[in-house]
Protein chains: 2
Amino acid sequence: MLIFDPMDNCTRIFADSRQINICRNVVKEHQQAFTDLSQVVALAGNEVRLKILFLLTQEKELCPCDLSDILDMTIPAVSQHLRKLKDGGVIRSRKSGQTVFYSVDPSQITLLQPFFQIIQEPLIEVRA
Amino acid sequence: MLIFDPMDNCTRIFADSRQINICRNVVKEHQQAFTDLSQVVALAGNEVRLKILFLLTQEKELCPCDLSDILDMTIPAVSQHLRKLKDGGVIRSRKSGQTVFYSVDPSQITLLQPFFQIIQEPLIEVRA
DNA sequence: TAAGCATTTAAGCAACTGCTTAAATATATT
DNA sequence: AATATATTTAAGCAGTTGCTTAAATGCTTA
């Protein structure tokens with residue numbers, strides 16, 4: 001009787017077990033970078049948050065209320081996105097009176113720039 | 001009696017309603033680009049898929065079985081990620097016998113490159 | 001054509017996401 | 001102090017995600 005074992009590797013011809021091992025090591029070596037980066041990229045992968053990051057880049061800083069107006073969303077909804085971005089280290093905040101101004105954390109601009117170049121261009125094909 | 005209306009805009013001093021309107025228009029103008037881009041970025045925002053994209057970039061092409069070995073995951077789990085990436089137009093596939101080779105769609109390399117530069121660098125701070 | 005291998009598909013599910021509404025907090029104004 | 005304003009927090013929830021396991025598909029070779 002054959003028991004299902006999904007971790008059984010296939011016995012393909014092309015497999016280069018030495019190269020496979022090199023890859024395993026590279027992935028292991030950069031494990032933390034993959035975790036950190038995917039977390040930031042996942043934050044930017046939400047349409048609302050991508051817009052927020054774009055707007056903060058363009059306008060230097062904005063408050064939750066501005067963003068609520070621009071994006072036509074409730075303030076709590078915006079605020080929760082801002083919190084995630086802040087927790088992820090993608091944006092900063094500055095308080096002035098009862099207004100809180102958010103801006104992109106300078107250390108993240110390099111990562112985000114390529115996205116906004118794509119946005120700004122006259123719609124080059126994003127999907128092949 | 002005051003009814004809760006979260007869409008009520010605040011009456012802040014700093015608000016520049018002209019500038020707010022410009023922003024609204026920019027967002028509306030690029031709406032499709034935001035939708036398309038966020039979809040692709042969301043795909044890359046999953047740690048497993050980010051690794052897959054990285055590996056495909058490095059190795060030119062890999063089959064689900066290779067990736068299963070490298071990432072130490074079941075083949076169905078890998079296959080489901082590959083399908084999402086394929087559906088999103090981020091990767092391509094080529095069939096050779098019973099083996100399917102996946103590779104990054106050339107049109108997406110520009111977008112992905114900045115990620116992998118970060119991965120490859122000796123861990124510059126991803127989060128501030 | 002039967003058996004084996006690589007891959008895909010599908011059902012089931014626990015965990016996560018992002019919204020809504022309501023209430024709380026913090027600052028400003030009267 | 002009382003009221004108003006800007007923001008945050010929290011509970012509740014519908015929808016989505018990503019895994020597991022099992023079964024199906026598709027190609028290859030005996």
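Throughout, a chain's letter reflects where its sequence line sits, starting with A, and its residues are numbered from 1.
- Per the geometry, CD1 belonging to I52(A) stands 13 Å off C1' belonging to dC19(C), to the nearest Å.
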Which nucleotides of nucleotides 14-20 of chain D have their base under 4.0 Å from a protein heavy atom (B), which only their sugar-phosphate (S), and which neither (-), written as one string 5' to 3'? ---SSBB
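- Put simply, S79(B) has no side-chain N or O that comes within less than 4.0 Å of OP1 or OP2 on dT7(C).
- When rounded to the nearest whole Å, the span between CD of E47(A) and C1' of dT17(C) equals 15 Å.
- Counting to the nearest Å, the P atom of dT7(D) and the NZ atom of K86(A) are 13 Å from each other.
- Between dT8(D) and Y102(A), a contact under 4.0 Å exists linking OP1 or OP2 to a side-chain N or O.
- For the pair L71(A) CG and dG18(C) P, the interatomic distance rounds to 14 Å; values are reported in whole Å.
- Under the 3.5 Å distance criterion, with hydrogens and angles disregarded, a donor-acceptor pair is assigned to the side chains of Q31(B) and E47(A).
- In this view, F54(A) and F116(A), F34(B) satisfy the ring pair (Phe, Tyr, Trp, His ring centres under 6.0 Å) rule, not counting sequence neighbours.
- Computed from coordinates, the L50(A) CG to dG18(C) C1' distance equals 16 Å when rounded to whole Å.
- The interatomic distance linking K95(B) (NZ) with dC5(C) (P) rounds to 18 Å, in whole Å.
- Looking at K86(A), K51(A), R49(A) one by one, the single match for side chain to side chain donor-acceptor pair (under 3.5 Å) with H81(A) turns out to be R49(A).
- Remark: the Q39(B) side chain and the T35(B) side chain contain no N/O donor-acceptor pair separated by less than 3.5 Å.
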